[in-house]
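Atoms considered below: every heavy atom in the structure, side chains included; atoms not considered: hydrogens, waters and symmetry mates. Just so we're on the same page: letters track the sequence lines, and every chain starts at 1.
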There are 2 protein chains.
Amino acid sequence: MDRYKNIGLKLTPQRLAILDFLEGNTTHPSAEEIFAAVSDRFPTMSFATVYNTLETLKEKGAVIELTGDPRKKRFDPNTAPHHHLICIRCRRIADVQVDYKIDLPRSSRMGFEITGNHIEFYGVCPACRKGGPEKTGSGVQTAGEESHEN
Amino acid sequence: MDRYKNIGLKLTPQRLAILDFLEGNTTHPSAEEIFAAVSDRFPTMSFATVYNTLETLKEKGAVIELTGDPRKKRFDPNTAPHHHLICIRCRRIADVQVDYKIDLPRSSRMGFEITGNHIEFYGVCPACRKGGPEKTGSGVQTAGEESHEN
DNA sequence: CAATTAGGTTAGAATAATTATAAAGAGATG
DNA sequence: CATCTCTTTATAATTATTCTAACCTAATTG
């Protein structure tokens, strides 16, 4: 929690509650899940505060907003460079700590100034493999991607 | 267009109009943009038809649904394996045809059965570099990712 | 050709997620 | 204490997407 003291952020009780829930959390929660968890111990919490706080934290670089789940925003308190493994059935997201050196050749940059990259691995998680969860259907961003496999 | 004849799909005028708009389109349009473009030439087009058709095409593997824009769904008629370069300001998405061999070591797969992967490169597009477009703010999925750079 | 069936399309309602607004609160400063 | 700034809250509004029910169309059958 110390890491938040010096980012020029007023640490209100609500923000602390959110930060406390996020700290060390590897489930990549959505705004909804954060709201649910935090309003338990903090019944006056408002949904707007969750979004406001997340937006602020994002600007300060204390959390990262994830893509990969087209249905809702998800947030990751782990701001160190890492990639993700996404279940195409239930949308569960796991961390991938493997470090890849991927460079986009200048000739392919289309004039963009590159600031970073992120790899999404797709797959079926153990639970879904046994006909488990599967709350979500619609496989996203998977077709044709198999050939990247080895 | 021939590629669509044999995927077991009834080629109605509406579907043809959508397919025609998508064909060779590299702008990764959203449902909204597709609707706007197609209802020009086809004023009776309904939004539901756009979503229905895209969902059907996705199931048939004729288009890919993209992640990378948290605000809306986007679709890519290019189903060959490729990656994307995303402007963190205006959310424009460009194709990256470079082929990367990235493999997730078995020890990092968390029991997932891997089906594919997708790299998102982040950057600032030429237009936004000159204080151009920038319709969107909120940089997504960029913090900490710089260190993947070379 | 009338009746039937199987999608497909449409308009509009309904949902879900997110964002905006306006009023109230809390803390710091002069 | 008055003022200022920022935060929080409740609620309304917006946006994107999905659902529903009625309608349409083409193919099929009798």
d([atom1], [X]; [atom2], [N]) in whole Å:
X	N	atom1	atom2	value
B/Leu11	D/dT25	CG	P	18 Å
B/Arg15	D/dT25	CZ	P	16 Å
A/Leu57	D/dT7	CG	C1'	13 Å
B/Glu32	D/dT18	CD	P	14 Å
B/Leu16	D/dA26	CG	C1'	15 Å
B/Glu33	D/dT17	CD	C1'	16 Å
B/Glu55	D/dA16	CD	C1'	15 Å

Item to complete: In sequence, state the C-alpha distance, the side-chain angles, and the governing distance for B/Asp99 and B/Lys101, and then conclude on salt bridge (charged side-chain N to carboxylate O under 4.0 Å, His left out).
Response: CA-CA 7 Å; B/Asp99 190 20; B/Lys101 301 269 181 264; 3.0 Å; yes
Discussion item. Below 4.0 Å from chain A heavy atoms, what is the first contacting nucleotide of DNA chain C and what is the last?
Written reply: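 Both ends considered, the range comes out as C/dA17 to C/dA20.
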Are the side chain of [X] and the backbone of [Y] linked by a donor-acceptor contact shorter than 3.5 Å?
X	Y	result
A/Asn25	A/Thr27	yes
B/Arg109	B/Ile114	no
B/Glu55	B/Asn52	no
A/Arg129	B/Gly111	yes

Discussion item. With a cut-off of less than 4.0 Å, is there a side-chain N or O of A/Lys72 near OP1 or OP2 of D/dT15?
Written reply: no
Considering all heavy atoms of both residues, which atom of [X] and which atom of [Y] are nearest to each other, and what is their separation?
X	Y	result
A/Asp76	A/Asn78	OD1-N, 2.8 Å
A/Gly68	A/Arg91	O-NH1, 2.6 Å
B/Cys87	B/Cys125	SG-N, 3.4 Å

Worksheet item: If an axis is fit to five pairs at each end of the helix from C/dC1-D/dG30 to C/dG30-D/dC1, what is the angle between the two, to the nearest 10°?
Response: 0°
Discussion item. For a 4.5 angstrom cut-off between non-hydrogen side-chain atoms, does A/Glu65 reach A/Leu54?
Written reply: no
Discussion item. Once you measure the plane-to-plane angle for A/Tyr100 and A/Phe121, does it fall in the parallel (<30°), tilted (30-60°) or perpendicular (>60°) bin?
Written reply: tilted
Item to complete: Look at the rings of A/His84 and A/His82 and say which category their plane angle falls in: under 30° parallel, 30 to 60° tilted, over 60° perpendicular.
Response: perpendicular
Discussion item. Can you pull out the residues from residues 42-53 of chain A that lie within a 4.0 Å heavy-atom distance of DNA chain C?
Written reply: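 Heavy-atom cutoff 4.0 Å gives A/Ala48, A/Tyr51.
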Item to complete: Could you check B/Lys10 against B/Arg74 and say which one's nearest nucleotide on DNA chain D is further toward the 5' end?
Response: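 It is B/Arg74 whose nearest nucleotide is closer to the 5' end.
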